[in-house]
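Remarks on the structure that follows.
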Amino acid sequence: MGSAAVDSALLVSVENVSFSYGRGLVLEDVTLPIFRGDFLAVLGPNGSGKTTLIKTILGVLKPSRGSVKIMGQPVSAFKAWERIGYVPQKATHFDPLFPASVREVVAMGLLASRRPFHRTTRDEAEEIARILALVGLDKEARSPVGRLSGGQQQRVFIARALLLAPHLLVLDEPTTGVDAGMEEQFYDLLSALNIGRGITIVLVTHDIGIANRHITKVACLGRKLVYHGTHEEFCRSAALRDMIAGGHHLISHRH
Amino acid sequence: MGAFLEFAFLQRALVAGILIAFSCAVLGVFLVLRRDAMIGHGLSHITFAGLALGLLVRRLPLAVAFVVAVFAAWLLVKLKSRAGLHGDTAVAVLSSGGLALGIVLASAARTYNAGLLSYLFGEILAISRFEVVLAAALAAGIAAVIFGLYHKLVFLTFDRESARAAGLPVERLDMAVTILAAVTIVLGMRVVGILLVSALIVVPAAAALQVASSFRKALCLAGTAGALSVVLGLLSAYVFDLPASGAIVLVGLVLFGGAAAARRRLR
Ligand SMILES: Nc1ncnc2c1ncn2[C@@H]1O[C@H](COP(=O)(O)OP(=O)(O)OP(=O)(O)O)[C@@H](O)[C@H]1O
Ligand SMILES: [Mg+2]
């Protein structure tokens, strides 16, 4: 048993989690501790269960076996969801005719967590403007979100996840469709949030090529947890070489 | 026009029609954006089975239809979440079941007659004072639920996955929306009939979404388009001696065409 200090440093604890959508296990006996301040990259080929793992952590899917705890509480009893920011994979697959401005989309999570008939206060409006500036969308605040490019939309979702000042930020392939320059900036932003504000980050990616300057821990999935350790160990380990040799496209497709 | 408003039955038709069309259209904005536009179609077929059952047992066909529609709405949400059926598959399964059952029951009740036909094609001009009050009460109820849950419903409609991860009670909200849809369908059936009721939900909402720049505007425009369809539809039915239900829906389609054209211009 760890000391109290170690336990409070444990933000999310995935314990012996198995999951099946019906036939066959998609996750098998995955045990993965996530500590406060981690910048964890979750790697693995298509269909290896990355998104499924994220969804069990967020309580969207219930594990068939094992358990997930957030801040010491079982997910089912956890209430402070506004402390967790989430950018889903395919977030940008919404109806392009959806009548909402960038500002409105960013405020959605905040407003939904307030009581009925709540209107944005001045403080909240200022915070929204600040976050939009942070992701470089201050000029687009009033544009309909469907008119933005895919990469800009992705930044809208990142802004929404940041608005509630989360302790944990979970991003499922957030830079799909974001151009290389913006991607660079985006990872710098994540790094600043991680180091500057101590926000814990879980990032699902195929792209350790770019991310590797910032991440601190790596988890490789292939139904089971194939590898878990620090980023330095990972670079020296056989796991990396195996996965590349196995034809899994871990490194960016844009060379 | 003056003569038009002198008839009490026309006044009742206008008031009830406007209230019902408004509720249908506002709800329609949520349904269309969730790609659940066909839910109205499916639930109307089930409502047909409910009506036939009511006619068979010779008890308050509208009340029986109401209970059956609400139950079907509940079942629909369960089918989607438990059986993992896609939205449109669950709707298709339920609606074909409803229609088939309705045909069998109606034949057993030997009611392929004017009574059943009036439900199929609507009978807004025969609306009673009681039904006007009922329409007002239900429209108020729907408005209260939608505005009370407004931010949660908008979040859920835009991005289901994130709404779920943010801890919103997604299934309960789905249930609320679907049951409201069932209620509006039964009411809308009196206005334009089972065959056209899904148009009251879909057409004004689709028109509004062509031009609206914010969610609030979309709700206002859809409600207005719905109400306008009823007013202009009834007026043209009176002037040109057309069936009211067909005229109301055709006016809605004209509004949709106008909105689509306006969108092209705006670009
Ligand atoms: N809703 C679902 N129903 C049934 N099977 C599913 C569902 N979602 C995912 N799966 C299956 O579970 C496995 C893991 O899927 P998951 O989405 O977790 O993979 P992933 O690692 O995120 O892949 P990718 O890199 O393509 O995003 C896949 O084999 C997939 O076919
Ligand atoms: Mg995935």
Side-chain angles (χ1 to χ4, degrees), chain A residues 21-22 51 54-55 57-61 70 75-76 78-101 103-105 107-120 142-147 153 156-157 160-161 164 166 168 170 172, chain B residues 28-37 81-85 143-171 173 176 205-222 256 259-260 263 266-267:
Chain A
Y21 284 104
T51 299
I54 297 286
K55 287 185 183 173
I57 291 176
L58 294 169
V60 172
L61 297 173
I70 304 183
V75 213
S76 53
F78 185 72
K79 288 284 182 305
W81 289 108
E82 71 277 3
R83 293 278 143 255
I84 296 179
Y86 174 44
V87 179
Q89 190 172 17
K90 299 186 195 147
T92 54
H93 289 204
F94 58 86
D95 190 334
L97 276 184
F98 200 99
S101 68
R103 239 186 126 269
E104 286 176 306
V105 174
M108 267 177 193
L110 172 86
L111 292 174
S113 72
R114 297 289 187 265
R115 56 181 174 67
F117 307 109
H118 175 84
R119 295 189 144 245
T120 19
R142 299 198 171 274
S143 316
V145 67
R147 298 249 184 94
Q153 287 173 359
V156 174
F157 291 100
R160 185 177 70 190
L164 292 160
L168 172 66
V170 180
D172 197 346
Chain B
V29 172
F30 290 96
L31 294 173
V32 167
L33 285 172
R34 309 157 39 122
R35 308 197 176 166
D36 249 350
S81 68
R82 297 290 143 80
L85 289 181
V145 174
I146 285 186
F147 292 113
L149 296 173
Y150 181 75
H151 292 304
K152 292 188 169 62
L153 289 177
V154 171
F155 193 11
L156 176 67
T157 305
F158 183 71
D159 180 355
R160 200 177 177 74
E161 196 72 5
S162 299
R164 199 190 282 273
L168 292 193
V170 169
E171 192 176 301
L173 291 170
L209 289 173
Q210 290 292 315
V211 286
S213 59
S214 77
F215 209 92
R216 275 172 221 278
K217 280 186 199 150
L219 292 180
C220 294
L221 283 172
F256 174 77
R263 179 183 168 75
L266 289 176
R267 279 198 166 168

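Since the model is a prediction, treat every value here as computed from it, not as a measurement. Proteins come first, then strands; the chains are lettered A, B, ... in the order of their sequence lines, and each starts at number 1.
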At a heavy-atom separation under 4.5 Å, does [X] approach chain B through its side chain, its backbone, both, or neither?
| X | result |
| --- | --- |
| A/Ile84 | neither |
| A/Arg103 | neither |
| A/Lys79 | neither |
| A/Val105 | side chain |
| A/Tyr21 | neither |
| A/Val87 | neither |
| A/Glu82 | neither |

With only heavy atoms counted, which part of [X] is less than 4.5 Å from chain A, the side chain, the backbone, both or neither?
| X | value |
| --- | --- |
| B/Arg35 | side chain |
| B/Tyr150 | neither |
| B/Ala218 | side chain |
| B/Ser213 | backbone |
| B/Arg216 | side chain |
| B/Leu168 | side chain |

Requested in this report: May I ask you to name which of B/Glu161, B/Lys217, B/Arg160 has the most heavy-atom pairs under 4.5 Å with chain A?
Outcome: B/Glu161

Reported [atom1]-to-[atom2] distance for the pair [X] and [Y], which is rounded to 0.5 angstrom:
| X | Y | atom1 | atom2 | answer |
| --- | --- | --- | --- | --- |
| A/Arg119 | A/Leu111 | CZ | CG | 10.0 Å |
| A/Asp172 | A/Thr51 | CG | OG1 | 3.5 Å |
| A/Trp81 | A/Ser113 | CH2 | OG | 14.0 Å |
| A/Arg160 | B/Phe155 | CZ | CZ | 4.5 Å |

Requested in this report: Report yes if the distance between the aromatic ring centroids of B/Phe30 and B/Phe215 is under 6.0 Å, otherwise no.
Outcome: yes

Query raised in the report: In terms of heavy-atom pairs under 4.5 Å, which option from A/Ala161, A/Pro144, A/Gly109 contacts chain B the most?
Result: A/Gly109

